[in-house]
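Predicted model only: the values in this text are computed from it and were never measured.
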There are 2 protein chains.
Amino acid sequence: MNKEVTIYDIAKRLNISIATVSRALQDHPVVSKKTKKKITELAAEMGYRSNHFARNLRNAKTNTIGVIVPRLNSYFMSTVIAGIESVANKEGYNLIISQSSESTEKEIASAKTMFNSRVDGLLVSLAYDTNNLSHFDPFLHKNIPLIFFDRVAEVENCSTILIDNQKAAFEATSHLISQGCKRIAHITVASEMNVYADRLAGYQRALTAHQLKFDKKLVLTGNLSPEAGAAAAETILQMKSRPDGVFVANDHAAVGCMLALKKAGVAIPGDIAFAGFNNDPVSTVVEPNLTTINYPGYQMGEVAASNLINHLTGSAVIRSAHTTFLRAELIIRESSEKLGNRK
Amino acid sequence: MNKEVTIYDIAKRLNISIATVSRALQDHPVVSKKTKKKITELAAEMGYRSNHFARNLRNAKTNTIGVIVPRLNSYFMSTVIAGIESVANKEGYNLIISQSSESTEKEIASAKTMFNSRVDGLLVSLAYDTNNLSHFDPFLHKNIPLIFFDRVAEVENCSTILIDNQKAAFEATSHLISQGCKRIAHITVASEMNVYADRLAGYQRALTAHQLKFDKKLVLTGNLSPEAGAAAAETILQMKSRPDGVFVANDHAAVGCMLALKKAGVAIPGDIAFAGFNNDPVSTVVEPNLTTINYPGYQMGEVAASNLINHLTGSAVIRSAHTTFLRAELIIRESSEKLGNRK
């Protein structure tokens, strides 16, 4: 690799002082426009990279926002990122993204990389198993703002953006009950993470509210992939007393489960009604189309980025932790209409 | 934001020389293990960030690989990234990812961010409209290795990894012809980019090889989203002489087109047979299941990351540009089986 170009090299080439080069690159008013132009052009030509050392002496910004997400392989997450990006672009911020692949260990490495890349702020959605959050301490110690979205944790001075997962799950499950389902299974992941704990709680609360018994054996856990959905279908097919409805914590696993059940001759919604979560495009491809919760991912990204940038620019300081809930509504489709009463 | 912790602060706290702190943080053998331990522990406690200025004086690595992709919202791209990540993790590299959102302007900004984040190497898949590549010059000037994958360009000393798009498109189109299709439409994007130009060329070559006339009006362009596929269906429905087969440059647009045609009462494959591209999971959800090209995205990511890291570690220097072709094969499903002769 070549030697890094420094302000010394630029100063030498132009036969001017280092101080002038430094001020010009920081757009200091004391340097004339003409000199600034000459310096910045040569800097670009020589491949000068904005010098973090010098810039940090005056605590300058990098105009970069870091985003750490569990996985990039979902429509939901790519929609959130699109929302973040639309706001960031408008405000002149660049994004760098890193995925934890649902591993706390990788999340720690991602946080480190983001810290060393000197992001101005960080947006985080946590991995399934993260419970210790000390890898975010370096950001907190430096007052680098940190906002959690979707998969959130309670951290002092950090705000969170999410939907009311318990309410959404309550509505989806109650809808299945309203269609005549009396024995409803729940496909989810074994995780303490808020989103899954809350969806499970909403499912249980709906059962209780309608005098249905909660049966632990009907909670089927996996990693919520289409394959995990298919595996849950195998378990359902082997049950002595099969469920007549299934509420799934995401659409991909719901579709995987539906396809496997259909192959085995199970009628949907006749034998088993289905409701998913996210309103992924696949929910309108599968036949019958899948009843689901519309998750406002794009809006979540916009709100997360706006809150962060407003904090960075000082137009709205996040003084204390607060939680923003976005609305998520039930979308009823053929997969759950046992009674044929679609409005 | 707090003031950046420097080696001066660490030296002061421990009452030792700056030189010793600097050497200890660079793991220089002249500093005793005990002193190194004391210094690195205090550095971590104080929130010291590895000093790029000092490190670059000796041209140290950041162990970070940058990845620039057009969009994160496809199964294909998330699979490529998973492949890159599996190799990067194994070799101790972190990834930072940026999307160009199919905009050259954003791609330029992404390249700049990656450059300033001092990535050790860069993996790039280009935006639809990128034709000028000067935004990658800073990397080339610094001998920071650059590898293109999928959407590639010819750049001196840069290697590329792709599939033979023309061959794959030739096979998909020839298969439709073998099923009796005589008037085949092609849904794609109006882009000069290799992948789309090559798929169009393969489609045309198959028509010619089977004495079918190429009709420009049957090439329908959009942005290859499901909505663009639905728009193409509208165009097809209004044609006086409808096609009896459609080869689509990706599965999402194929599915969008199929759903819209089905809604309008068109039988698939009876009236119109379909073949897509990518083998996205949605191709096995849509009914009938979609014939497609299996694109080895995970493998592409692995090969790209391995080539880059081998170059970085010096175990295989990329001295000159070379191209790696990965195999992509046709997967025949119900959407194209007009003759009912599925093997």
Chain B heavy atoms under 4.5 Å from [X]: which part of the residue, side chain, backbone, both or neither?
| X | answer |
| --- | --- |
| Y75(A) | neither |
| K106(A) | side chain |
| I96(A) | both |
| D137(A) | neither |
| S74(A) | neither |

Segment of [X] engaging chain A (4.5 angstrom heavy-atom cut-off):
| X | result |
| --- | --- |
| Q99(B) | both |
| V255(B) | side chain |
| L95(B) | backbone |
| T79(B) | neither |

Quick one, [X] and [Y] - any side-chain contact, counting heavy atoms below 4.5 Å?
| X | Y | result |
| --- | --- | --- |
| P288(B) | F274(B) | no |
| S86(A) | E302(A) | yes |
| R333(A) | N279(A) | yes |
| C257(B) | L261(B) | yes |
| F76(A) | N250(A) | no |

- Picking from N89(B), T284(B), N63(B), L259(B), which has the most non-hydrogen pairs under 4.5 angstrom with chain A?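 Going by pairs under 4.5 Å, I would pick N89(B).
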- Just give me the residue among T64(B), I97(B), L72(B) that pairs up with chain A most often, heavy atom to heavy atom, under 4.5 Å.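 Most pairs with chain A among the choices: I97(B).
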- Task: Return the set of residues passing ring-ring contact (aromatic ring centres under 6.0 Å, His included) with Y128(A) (not counting sequence neighbours), or none when no residue passes.
- Result: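 With neighbours one apart ignored, the set is Y196(A).
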- For E105(A) and S103(A), does a side-chain donor sit closer than 3.5 Å to a side-chain acceptor?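 No, S103(A) and E105(A) have no side-chain donor paired with an acceptor closer than 3.5 Å.
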- Query: S283(B) side chain to L290(B) main-chain N or O, any donor-acceptor pair under 3.5 Å?
  - Reply: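 Such a contact is absent between S283(B) side chain and L290(B) backbone.
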